[in-house]
Amino acid sequence: MAVITIDGVKLNVPDGANVLDCALENGIYIPHLCHHKDLNPLGSCRMCIVEVEGQEGVVTSCTLKAKDGLVIRTQSDEIKRLRMLALELLLAGHPEDCSTCPKYGNCELQMLIQYIGPKTGRLKMRVKGFKENTANPLLVHDMNRCVLCGRCVRACNELRGVKVLDYHKRGMETYVGTLHDKLLADANCRFCQACAEVCPTGTIRDKLATTEKKREDYIVPCKAECPAHAEIPRYLRAAKEGDMEKAIAIIREKLPIPRILGYICTQACATQCKRNCLSDPMSIRLIKRYAADKDIEHKWRARSKQLPDTGKKVCVVGAGPAGLSAAYYLRKQGHDVTIKEALPTAGGTTAYGIPAYRLPRDVIAEEVKIIEEQGVKIECNTKVTKPAELLNEYDAVLMAVGGTVGVRLGMPGNDLPGVLLNADFLRNCSMGKETGMGKHVIVLGGGNVAFDCARSAVRLGAESVHLACLEAREKMTADDEEIEQAQEEGVVVHPGQTFERITGEDHVTGVDFMKVKAFYFDENRRAVIEKEEGSELHIEGDTVIFATGQKPDLNEESGFKLFRGAWIVVNDNTNDKQTSIPGIFAAGDCVYGTKSVVMAVQSGREAASQIDKYLGGDGDISEVLVDDKPGDPYIGVIEGFANEKACQPKIDPAEERKDNFRLFDHGICDEDICKEAGRCLQCDLRLQIHRPHTWGDYADSKEA
Amino acid sequence: MSAYANAKALGRDAVLDKIAALDLYESGVYREKMTDHIAKAKAAAEEEGVQLDVVAALNNADTDMVYLQLLREVPEKVLEGCAIAALAAGAQKAVLTVPEKEGELAASLREKAEELGVEVVCEFINIRKNQTNLLVHLASCADLADAFADSYEPGICVSINGEPLKKVPADAKVSDVVDLTGAKAVQVGYAYYTPEECSATVGELNPANGVIRVLTDKNCIVDDAAKKTLACKAQSCGKCVFCREGLIQLEFMQNEVTQGRGKMEFLDLTSEIGEAMCYSTPCSMGQQSAKISLSAMSKFAGEYEAHIKKKNCPAGVCQAFVMIYIDPTACTGCGDCMDVCPKDCIEGKPKFIHMIDEFECDRCGKCVEACEEECIHITTGKVPKLPDRLTKVGKFKKRR
């Protein structure tokens with residue numbers, strides 16, 4: 001340790017420590033620009049100059065090492081003059097249009113000007129004349145705003161080891177760029193965006209930056225987009241290193257049914273993956289599936305949280321994703337949890353909605369087993385009709401009944417024999433019961449459930465399967481993969497159609513459609529459909545399946561305040577899931593409508609936390625299942641990294657899969673899995689980089 | 001036996017002893033006793049706990065590059081010296097660095113360099129990456145080779161007025177090694193000196209880039225300083241604020257003065273920026289390049305004042321102050337001048353007095369040579385009244 005004195009303040013600091021960092025961390029502001037805590041000192045901007053007792057002149061504090069007895073002054077007339085001169089020199093080549101700069105208000109240079117004072121205007125100003133470069137994905141470069149602090153160069157070379165950015169000279173102007181001004185992707189950039197993170201000015205900027213989202217959310221969009229905020233970059237990193245045990249432990253910290261999700265998650269995360277801007281998004285779901293499939297030993301259980309019994313009893317109604325998740329965490333908080341499930345097995349939508357060819361039933365059984373092993377009791381074939389009465393026996397109740405009733409659209413012929421509802425059809429199909437389906441099937445709807453119906457119909461032996469929906473092809477909510485695979489299996493897709501009528505006298509004979517010319521919502525948020533004249537289309541069929549939404553099997557007799565006669569009203573969907581009956585909470589699709597399994601999981605997690613609090617707990621359901629050190633910031637060079645395509649899963653050809661309910665997607669193979677995980681940009685590494693110290697931070701603390 | 005072989009045979013300690021005994025100096029900007037120079041670098045490397053390399057190079061600030069003559073004429077000497085320096089310092093690696101643009105020169109050295117275990121690279125020295133290395137000047141390398149071939153001759157290697165390099169004694173007066181007849185100023189290294197200052201020794205003024213050059217009445221100090229500063233601006237790597245931006249400002253001000261747009265406040269601003277550059281930059285590029293403007297402005301302020309206040313270049317070099325005009329009383333309207341003017345800026349027709357458009361004219365002087373009547377004049381002084389429209393030969397005076 002060394003005792004140093006800065007402006008009369010004695011500080012105990014490590015011997016040899018960077019004096020500028022010591023000052024900044026101890027509440028003493030020294031202006032600086034080229035220095036950044038995570039980068040090697042450069043000493044080029046001369047803003048951080050100080051005077052050292054017993055030494056003539058000034059020295060840069062960023063390159064000064066702490067030594068016992070060092071006495072420095074950060075302010076003097078000479079220091080002030082030289083800082084001003086340095087600032088004036090910097091600004092001579094910097095545009096004067098702060099107010100139009102995207103970095104306005106967050107610019108370190110701007111804050112430096114506020115601290116040092118306005119320049120005198122005695123120097124020759126110049127315009128560097130670089131063109132703003134928007135040709136690269138994710139990053140914008142405006143070299144006119146660059147003050148050549150060199151932070152990006154050091155971040156790219158020293159911190160990341162990617163070695164893409166360097167100083168170059170064009171004519172008399174020095175600038176930062178790639179060799180021969182190549183596009184970043186061609187220069188083997190890894191798009192870690194550390195350069196944008198450390199840039200003090202508006203020179204290197206995120207294309208995706210927005211004031212509408214939190215910083216962490218646009219920097220790591222996959223995690224932000226996941227309803228459960230799973231630590232995606234962290235588990236992809238573990239998978240890249242081949243450590244699947246660690247990967248599944250990280251996944252399980254947020255997701256109690258990861259294996260189910262590994263097969264069927266709609267992966268909103270991947271839609272926001274920044275890789276979309278470069279090549280293919282990360283195969284996040286398939287990597288999760290791989291890690292979950294390999295998880296035989298369940299080593300994560302060693303650190304799984306289980307609080308002592310509280311003596312409180314909770315009943316969860318419905319063993320779907322929301323109910324199972326809530327029950328699992330409630331049990332871990334020490335409560336006595338019983339799930340009451342109307343159907344013969346647990347799983348809810350995952351077992352009775354999603355077909356077995358997408359999600360094998362043994363996967364569900366194993367996930368349920370883990371939850372039961374935690375101590376959750378599941379009573380199947382137990383339909384709850386009077387939820388309020390459960391409060392006689394239980395301290396709290398959670399309604400997680402999902403949406404189990406299909407919605408029949410109001411249109412002529414909608415109750416003819418041969419008209420089926422999605423939920424019934426898929427449930428019967430899953431249970432091996434008679435579905436009532438004929439030979440020629442028309443599915444109405446364009447979501448994933450509609451495709452589950454259509455593809456199940458193919459597998460049940462339908463001779464023709466048509467699927468029609470109102471939305472245009474690109475607006476269909478089903479996953480592209482789902483649509484394409486259905487088409488391969490022979491499903492004929494008709495997007496952009498209005499459903500005119502179901503034809504037939506005493507049985508369905510077909511459906512009349514018309515082409516949609518325009519479909520939008522008016523100022524009153526009412527749907528307006530304009531039809532194309534003369535576009536009548538009749539498709540013959542003996543079966544119509546409505547796949548146009550589902551609703552909970554609830555009515556006023558349930559005693560809850562309901563929304564549109566079916567959905568349970570809660571106080572606040574995020575923060576207070578209590579229903580109109582005190583002590584009864586609700587979560588999942590029965591609250592907010594049909595969404596996704598992972599959203600139900602998150603809803604269940606939130607409900608568990610809130611019920612725990614209601615029962616006197618602290619509501620903290622978080623857990624750490626594995627020791628994880630921060631990712632290595634030195635990511636190094638990988639040739640052609642940006643253009644790497646996704647590793648494809650092994651999928652059985654349509655001919656082999658369309659006559660049975662066997663799993664046809666076998667996931668990513670052992671050889672490819674680490675490679676696929678290695679494609680991750682590791683956007684989260686950027687969050688390790690320290691935020692800049694600005695004068696404002698110090699001014700505020702003094703006033704406060 | 002070669003110098004390197006001799007040194008190798010002697011062993012490291014004896015090599016250091018010989019360097020001390022011969023009183024060898026590091027050449028260039030960082031002139032000091034070679035033994036001290038080596039010791040300092042070793043101490044820096046030891047403090048950081050890293051291995052020291054030897055890097056032989058020119059000073060970054062050197063834009064004249066007269067010392068490259070050594071590499072062209074006696075390359076083996078420099079390479080051997082570099083290897084000897086590595087031996088003396090106990091370095092593992094020896095690197096010879098040539099300026100970025102000298103790729104061909106570097107290529108021509110590689111074969112010989114390999115034999116001596118010297119790596120040859122083309123780059124601008126990054127001073128920050130070499131803080132724990134022993135930087136040795138190319139001229140010092142030549143000295144080291146001489147020392148171990150027993151052909152060492154004490155002194156500083158210089159090129160006087162562009163002549164080939166030769167050794168002059170460090171304790172000789174500058175005025176004794178160069179003819180000061182007609183001298184207005186003398187460039188020694190990176191600064192200008194008055195003839196009076198040349199009573200100092202060569203060692204004191206230290207021609208760090210090997211240049212001693214006399215400037216006479218025919219040379220304009222401002223123009224000279226502007227050109228040199230421009231060369232520095234082009235050579236600076238641009239990583240440090242004071243060097244990059246400082247040179248841009250200095251060059252701008254020098255150039256403005258030569259263009260007749262100078263202001264007296266430039267003098268103060270130049271010294272403020274220039275002095276700050278000397279101690280606010282880490283390598284010779286910023287430290288030395290500022291001295292060009294600083295010495296020119298402080299010692300030859302009169303010449304600057306003439307440019308700025310009197311709008312006159314006493315040496316007649318700065319073309320902004322030079323006027324070319326056709327004497328209206330002597331012009332015969334022959335049209336010869338029009339024919340040779342590359343800028344097409346002479347107006348006239350047969351038997352009419354020709355006129356030069358002074359805005360278009362770039363003072364090339366071709367018309368002056370072409371005029372058989374010798375009626376086109378170059379002047380830095382006053383220009384007589386000239387016709388403002390085409391006037392018949394002989395009518396000019398009468399019309400007034």
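All chains are named by letter (A, B, ...) in the order of the sequence lines, taking the proteins before the strands, and each is independently numbered beginning at 1.
- Contacts between B:Gln235 and chain A at a heavy-atom distance below 4.5 Å involve the backbone alone (N, CA, C, O).
- Just one of B:Cys283, B:Ser236, B:Pro99, B:Cys237 meets the side chain to side chain contact (heavy atoms under 4.5 Å, CB included) condition when paired with B:Asn60; it is B:Cys283.
- Ring geometry, A:Tyr175 versus A:Phe130: the interplanar angle falls from 30° to 60°, so the pair is classed tilted.
- Heavy atoms of A:Arg46 lying under 4.5 Å from chain B belong exclusively to its side chain.
- Other residues, nucleotides and ligands place more than 12 heavy atoms under 6.0 Å from the NZ atom of A:Lys128.
- Residue contact with chain B, scored on non-hydrogen atoms closer than 4.5 Å, is absent for A:Glu56.
- For a residue to count as touching a neighbouring chain, one of its non-hydrogen atoms must lie under 4.5 Å from one of that chain's; by this rule B:Tyr279 touches chain A with backbone and side chain alike.
- Counted within 6.0 Å of CD on B:Gln92, heavy atoms from surrounding residues, nucleotides or ligands total 12 or fewer; the atom is thus considered open.
- Looking at A:Lys124, both its backbone and its side chain come within 4.5 Å of chain B, counting heavy atoms on both sides.
- Of the atoms belonging to A:Thr174, it is side-chain heavy atoms, and not backbone ones, that fall under 4.5 Å from chain B.
- For chain A, the option among B:Glu256, B:Glu245, B:Glu265 with the highest count of heavy-atom pairs below 4.5 Å is B:Glu245.
- Two residues are said to be in side-chain contact when any heavy atoms from C-beta on lie closer than 4.5 Å; B:Gln249 and B:Ser293 fail this criterion.
- For A:Leu42, the parts lying under 4.5 angstrom from a heavy atom of chain B are both the backbone and the side chain.
- Heavy atoms of B:Leu230 lying under 4.5 Å from chain A belong to its backbone as well as its side chain.
- Side-chain atoms of A:Asp68 come within 3.5 Å of backbone N or O of A:Val3 as a donor-acceptor pair.
- Both the backbone and the side chain of B:Glu272 come within contact range of chain A, judged by heavy atoms closer than 4.5 Å.
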side-chain contact (heavy atoms from CB on, under 4.5 Å) between B:Lys228 and B:Asp64, worked out: CA-CA 9 Å; B:Lys228 290 207 175 302; B:Asp64 292 279; 3.5 Å; yes
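- Proximity to chain B (any heavy atom under 4.5 Å) is restricted, for A:Val147, to the backbone atoms N, CA, C and O.
- Checked against the 6.0 Å centroid threshold, B:His37 and B:Tyr30 do not count as a close aromatic pair.
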